[in-house]
There are 2 protein chains.
Amino acid sequence: MQTKNDPDIYTTFQAICKKFNLKVTPQRIAVYDAVISAHDHPSTDAVFRKVQDRHPNISFDTVNRTLNTFAEIGVIDPVEGHGAPKRYDPNLAVHHHFHCIQCGAIIDLYPDMFKRIEIPSELEKKFTVTAKRILLKGYCARCRTEQKSD
Amino acid sequence: MQTKNDPDIYTTFQAICKKFNLKVTPQRIAVYDAVISAHDHPSTDAVFRKVQDRHPNISFDTVNRTLNTFAEIGVIDPVEGHGAPKRYDPNLAVHHHFHCIQCGAIIDLYPDMFKRIEIPSELEKKFTVTAKRILLKGYCARCRTEQKSD
DNA sequence: TTGACAATAAGAATTTATCCTATATAGTTC
DNA sequence: GAACTATATAGGATAAATTCTTATTGTCAA
């Protein structure tokens, strides 16, 4: 991952903008810098607050819109599920999930499709693991068809 | 999983309520029935609309509160991430995630900790898979300590 | 430098979830 | 089976997160 001190960060960002026909604005540079140098998984609000240090006049909407743009062009990745309304799973048996990134469908996958997941012991020393799941993201059968016909 | 036609569904629900000192109300029965017989992963609003068919006077708040209660006692499982503010991951390399169900922290886990995930070919015939990830849920180091001292 | 188009700021609107409180109800006791 | 008590509910108010609208500003290319 690049860091804030990397002198290439601006050059890299310029190249990305050029590729996707985005204008290089101070706001976009600031958001790019803030999010790309984060070592956690920041929320829109966290990025907004970080950017505000140097750009007190930036609006929340700009940060939000910019993050959405960056996610669309693949500069950052929206963390699984977050941002969508809460949903409940009545199936308490061990199983896995496929998330459709277009329509939001969540499809159950059965454990015999996959190898058993072994949790490394160094991890269980630090964390209490209550559930483990394989999570696949992509386009479901229906959305994939629509995708192809674009 | 139980189905709506299962004659034991009401008996099962009564037993659960007794165990957790919850009163058996028509609203709770309706919500239980709706969510437990769902084969998708319904949102609060979806459950609300389903329950409304037979209980036109039920409030959204009751459905929401009841679902939260059911999640607390382990009758249903909140789907990973959903319901929390959107978050972004600047790390585009293959890696895995641990979600703390108490503080919401998302912690990166590195792929060499786990066996490679093979995607079954019957799955790739139906879906386009763009990302695969192992997702662990539980208590992070800090929350686990607090948990123990309760 | 200027014109065309894209991006921004600010506030309003939307969506999702929760809180508040008076009333109603379940389950127990008599 | 009636009365009691704690819990649950309805519905309006509130809060939090995100997106939309519109007037203004800024970028980049000619």
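Note: hydrogens, waters and symmetry copies are ignored here, and every other heavy atom, side chains too, is used. Every chain is numbered from 1 and lettered A, B, ... according to where its sequence line falls, protein lines coming before strand lines.
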Protein-nucleotides 25-27 of chain C N/O pairs under 3.5 Å:
{"unit_1": "C:dA26", "atom_1": "O3'", "unit_2": "B:Val24", "atom_2": "O", "d": "3.3"}
{"unit_1": "C:dA26", "atom_1": "N3", "unit_2": "B:Lys23", "atom_2": "NZ", "d": "3.3"}
{"unit_1": "C:dG27", "atom_1": "OP1", "unit_2": "B:Val24", "atom_2": "N", "d": "2.9"}

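- B:Asn21 comes within 4.0 angstrom of no nucleic acid atom, judged by non-hydrogen atoms across all strands.
- Checked by atom type, the side-chain pair A:Thr66/A:Arg28 shows no donor-acceptor distance below 3.5 Å.
- The CG atom of A:Asp112 lies 9.0 Å from the NE2 atom of A:His96; values are rounded to the nearest 0.5 Å.
- Regarding contacts with the backbone of D:dG26, every side-chain N or O of A:Gln27 stays at 4.0 angstrom or more from both OP1 and OP2.
- In DNA chain D, runs of at least 3 stacked Watson-Crick or G-U pairs (N1-N3 plus N6-O4 or O6-N4, or N1-O2 plus O6-N3, all under 3.5 Å) give these stems: C:1-30 with D:1-30.
- Checking the phosphate oxygens (OP1, OP2) of D:dA16, no side-chain nitrogen or oxygen of A:Lys86 falls inside 4.0 Å.
- Taken residue by residue, residues 64-77 of chain B places heavy atoms nearer than 4.0 Å to DNA chain D at B:Arg65.
- Between A:Tyr32 and A:Phe70, the ring planes lie perpendicular to each other; the angle is over 60°, past the 30° to 60° tilted range.
- Here B:Asp45 lies out of heavy-atom contact (under 4.0 Å) with every strand.
- The distance between the ring centers of A:His41 and B:His99 does not fall below 6.0 angstrom.
- Taking atom CD1 of A:Ile58 as the reference point, atom C1' of D:dG26 lies 14 Å away to the nearest angstrom.
- Between A:His55 atom NE2 and D:dG26 atom P there is a gap of 13 Å when expressed in whole angstrom units.
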